[in-house]
Protein chains: 2
Amino acid sequence: MGRKRLQESTDGRPTVHTVAARAGVSIASASRVLNGVGGSAETVRKVRAAAAEVGYVPNAIARSLQAQRTGLVALAVEDIGNPVYVAMMRAIEAVVAASGRQLLVHATGGQIASETSLLRRLANRYVDGMILSPIRVTDDHLAALVQSPVPVVVVGQLGADAPVDNVRTDSRHGVALAVDHLVGAGRRRIGFVNGPLDTVPGAARDAGFRAALDRHGIDHDEALVEVGDFQYAAGRAAAERLLARARPDALVCANDLIAVGALHALLAAGHRVPEDVAVVGMDDTELAQMMFPQLSSVSLGSAERGRRAAELLLTRIADPSLPPRREQVPPSLAVRASSRAAVPAPRPSTEEVSREREE
Amino acid sequence: MGRKRLQESTDGRPTVHTVAARAGVSIASASRVLNGVGGSAETVRKVRAAAAEVGYVPNAIARSLQAQRTGLVALAVEDIGNPVYVAMMRAIEAVVAASGRQLLVHATGGQIASETSLLRRLANRYVDGMILSPIRVTDDHLAALVQSPVPVVVVGQLGADAPVDNVRTDSRHGVALAVDHLVGAGRRRIGFVNGPLDTVPGAARDAGFRAALDRHGIDHDEALVEVGDFQYAAGRAAAERLLARARPDALVCANDLIAVGALHALLAAGHRVPEDVAVVGMDDTELAQMMFPQLSSVSLGSAERGRRAAELLLTRIADPSLPPRREQVPPSLAVRASSRAAVPAPRPSTEEVSREREE
DNA sequence: TTGTAAGCGTTATCAC
DNA sequence: GTGATAACGCTTACAA
């Protein structure tokens, strides 16, 4: 530039210089007063008056450059349209806002490249930290994570010994809750509509489903298992494929979007829910309660995980030297109409593992 | 501070100085090469090598301070959980990302104070522009809007002559499409579940509903009109109140969340949809197609409005001297199962006003 | 308490 | 083409 220092910013808006000149004090005094530190009564009065007169608003960028922090925190999730992320985001936003920061939301579409590029871009210091909820985890992720110059908290499973702050749940156990509930209600031909097996949650839920069947001594019938995407349309299509070749008396779905799709497929095909086929979703989102019949769903504590992730992030920003921490939120089952009605039970049905919710 | 200028940034990360020193050139040369402007072949080589060796990433804040722009654009909506805003946000994000910027999302909860404070905070220059979709518009809004030092585009109705870029739809006409469709199908006892009347959309939809009834010569029966909130739970409760005192043969709902709530209330009360009661929502969100039966819904072109708003904003950022612009997106009706089945029509039913969508 | 001036990390100007 | 340096707007160490 080389332009002479003026009293107004480039675009004509007032700066500390404007205020200082108007108040007849130095920019240092003006800045101090505006930040509420120091200043004689008279100086405070003059500066406040001058600032009000010119409508001074501090420039956040200049302040960030000086302070080496932006007051922004990023959240990166796969799909902003999935209500489970909306719930998580709301919880995060509450914590972040309470600390005087703002939340920047990224939708990654689950793309590895998009997520790692986001991680690397952190190096430009545009945000003070990031919460990442990846559905696939690669070596690239891990490398970018440990090298990140900015604090990152991961929501979801991560390699056992990755030195990264991490909030997880036990979705294997979550699936077990669903299967136990259905078996306890006398269901035996339990189908499973999952998301992609090459995702972390997809793999965990598949393992959980098979382990639960084993525990109950139920044979695996591959005709009762179908895989799609973690979306409504894919879930519905997957359920339709499954129903075309098998006759389940219950469907466990890997998330609520899939469950809603499965419910639609069942009702459209003339099946009664829950009389003919019970349905249990996962994530226990708002969507589950909007359906008719209301969907039973395994809560994976998404709001709670979000809240904790935000707290981990804030404490790490405050003290980057903390050791890596790991927290776990237990799943729980919300039983609703979609799986409540009784099939004549061959034996007395077991107690609910977890809380029940009424409509 | 007063500390001597070092070659590393405060937190030990490389800066242009680091790269320049390592390459044996001035920071000016280093900066030029890093920005791809000028530099001899030899200089370019040395600087690139040095940057790669130390893992240099430019500091976005410093760059913003110098460039007087942040590359961030804000979007402020009432409720990030409402799928209509998800659709709008996706459309905006696409345009914004294509311009190399990022989107910062604010949820205002529809609070006037929250929105005006957001508008005033724009003065701190943290974003290059904002898209605001208010559901209530006050004088405070208008004052903050016209005084904003940063470009703002409003999605939604605004005072006729407010000198602000604005993208709107005609929700009165939207409601008319719904009523015409239902009347054409032989429905006469048409109920209306609206959001708050002190909101811009609530007032417009109420006016549209009454005008449409008038046009068809149908008496206003206040027992068939109920008001709640633009949310699922409130919509369901409002529909329950309405059903407790009246026997509609159709329900027009002021948005899809309300429609989903009304559908739930109807089914839970044992009414058949659409045989007994037809349901038409508004916004034509993903939710409408997830329901069983699928919901007819009036599209207000939210994605299109988002896209256009983003384009208006980008052009205004590029040229702030443009005159205020106003764009309008027409509504259209998507007829689905929730209003399709025939009631014995007393006269031949009219043609659809708009496109039909199949399941 | 106050003012001077350095410095945050970058880009741009200007003289060589 | 290159280097020295000012400038973006702010906070703060230091000396007065």
Side-chain angles (χ1 to χ4, degrees), chain A residues 1-21 23-47 51 54 56-71 123-126 128 149, chain B residues 1-21 23-47 51 54 56-71 123-126 128 149:
Chain A
M1 293 272 169
R3 186 167 52 75
K4 195 68 98 356
R5 155 66 79 182
L6 297 178
Q7 280 177 13
E8 288 185 340
S9 76
T10 314
D11 55 352
R13 297 201 35 90
T15 72
V16 256
H17 292 87
T18 325
V19 175
V25 301
S26 71
I27 61 163
S29 290
S31 174
R32 278 188 289 254
V33 169
L34 293 168
N35 286 291
V37 298
S40 68
E42 176 63 3
T43 305
V44 169
R45 191 192 57 71
K46 287 189 297 188
V47 171
V54 299
Y56 172 74
V57 177
N59 180 308
I61 306 168
R63 189 174 267 180
S64 291
L65 181 58
Q66 155 69 31
Q68 303 277 44
R69 29 173 261 96
T70 62
N124 76 10
R125 300 319 194 100
Y126 220 96
D128 297 337
Chain B
M1 295 268 167
R3 186 167 53 72
K4 195 68 96 356
R5 153 68 78 184
L6 298 178
Q7 278 177 15
E8 288 186 339
S9 77
T10 314
D11 56 349
R13 296 200 36 88
T15 72
V16 254
H17 292 86
T18 324
V19 174
V25 300
S26 70
I27 60 163
S29 290
S31 177
R32 277 187 290 254
V33 170
L34 294 168
N35 286 290
V37 299
S40 69
E42 176 64 0
T43 304
V44 169
R45 191 191 57 72
K46 286 189 298 187
V47 172
V54 299
Y56 171 75
V57 176
N59 180 308
I61 307 168
R63 189 174 268 179
S64 291
L65 181 58
Q66 153 70 31
Q68 305 276 44
R69 29 173 261 98
T70 63
N124 75 11
R125 302 316 194 101
Y126 219 95
D128 297 337

Query raised in the report: Mapping A/Ala28 and B/Ala28 onto DNA chain C by nearest heavy atom, which one lands closer to the 5' end?
Result: A/Ala28
Query raised in the report: To the nearest angstrom, how far is A/Arg13 atom CZ from D/dC8 atom C1'?
Result: 16 Å
Query raised in the report: Is B/Tyr56 near enough to C/dT10 that one of its side-chain N or O atoms lies under 4.0 angstrom from OP1 or OP2?
Result: yes
Query raised in the report: For A/Arg45, what residues pass the side-chain hydrogen bond (donor to acceptor under 3.5 Å, both in side chains) criterion, not counting sequence neighbours?
Result: A/Glu42
Requested in this report: Would you tell me if any nitrogen or oxygen in the side chain of A/Gln68 comes within less than 4.0 Å of OP1 or OP2 on C/dG9?
Outcome: yes
Query raised in the report: Any side-chain N or O of A/Ser29 under 4.0 Å from OP1/OP2 of C/dG3?
Result: yes
Query raised in the report: What residues form a side-chain hydrogen bond (donor to acceptor under 3.5 Å, both in side chains) with B/Tyr126, not counting sequence neighbours?
Result: A/Ser64
Requested in this report: Can you sort out the partners of A/Arg69 under salt bridge (Lys or Arg N to Asp or Glu O under 4.0 Å), two or more places apart, ordered by chain and number?
Outcome: A/Asp128
Query raised in the report: Atom CD1 of B/Ile27 and atom P of D/dA4: how far apart are they, to the nearest Å?
Result: 9 Å
Query - N/O (side chain, A/Ser31) to phosphate O (OP1/OP2, D/dT11) under 4.0 Å - result: yes
Query raised in the report: Between B/Val33 and B/Ala62, which has a closest nucleotide on DNA chain D that is more 5'?
Result: B/Val33
**Report entry** Rounded distance (Å) that lies between atom C1' of C/dT4 and atom NE2 of A/His17
**Finding:** 11 Å
**Report entry** Distance, nearest 0.5 Å, that separates CZ of B/Arg125 from CD1 of A/Ile61
**Finding:** 8.0 Å
Query raised in the report: Roughly how far apart are A/Leu65 CG and B/Asn59 CG, rounded to 0.5 Å?
Result: 6.5 Å
Identify each donor-acceptor pair in which a side-chain atom of residues 31-39 of chain B lies under 3.5 Å from a protein atom, sequence neighbours left out, and give them as a table.
{"from": "B/Ser31", "atom 1": "OG", "to": "B/Asn35", "atom 2": "ND2", "distance (Å)": "3.4"}
{"from": "B/Asn35", "atom 1": "ND2", "to": "B/Ser31", "atom 2": "O", "distance (Å)": "2.8"}

Query raised in the report: Quick one: is A/Ser26 getting a side-chain N or O under 4.0 Å of the C/dT2 phosphate, OP1 or OP2?
Result: no
**Report entry** Whole-Å gap separating C1' (C/dC8) and CD (A/Gln66)
**Finding:** 6 Å
Query - Of residues 35-45 of chain B, the positions that come close to DNA chain D - non-hydrogen atoms, cut-off under 4.0 Å - result: B/Gly39, B/Ser40, B/Thr43
Query raised in the report: Taking OP1 and OP2 of C/dG9, is either one under 4.0 Å from a side-chain nitrogen or oxygen of B/Thr15?
Result: no
Query raised in the report: Think A/Arg63 has a side-chain N or O under 4.0 angstrom from the OP1 or OP2 of D/dT11?
Result: yes
Query raised in the report: In whole angstrom, what separates A/Asn124's CG from C/dT10's P?
Result: 10 Å
Report task. Rounded off to whole Å, could you give me the NZ-to-C1' distance for the A/Lys46 and C/dT2 pair? Result -> 11 Å
**Report entry** Euclidean distance, atom CZ of residue A/Arg32 to atom P of D/dC14 [Å, nearest integer]
**Finding:** 14 Å
Query raised in the report: Can you check the A/Arg69 CZ to C/dC8 C1' distance for me, whole Å?
Result: 14 Å
**Report entry** salt bridge (Lys or Arg N to Asp or Glu O under 4.0 Å) contacts in which one or both residues fall within residues 57-66 of chain B, not counting sequence neighbours
**Finding:** none
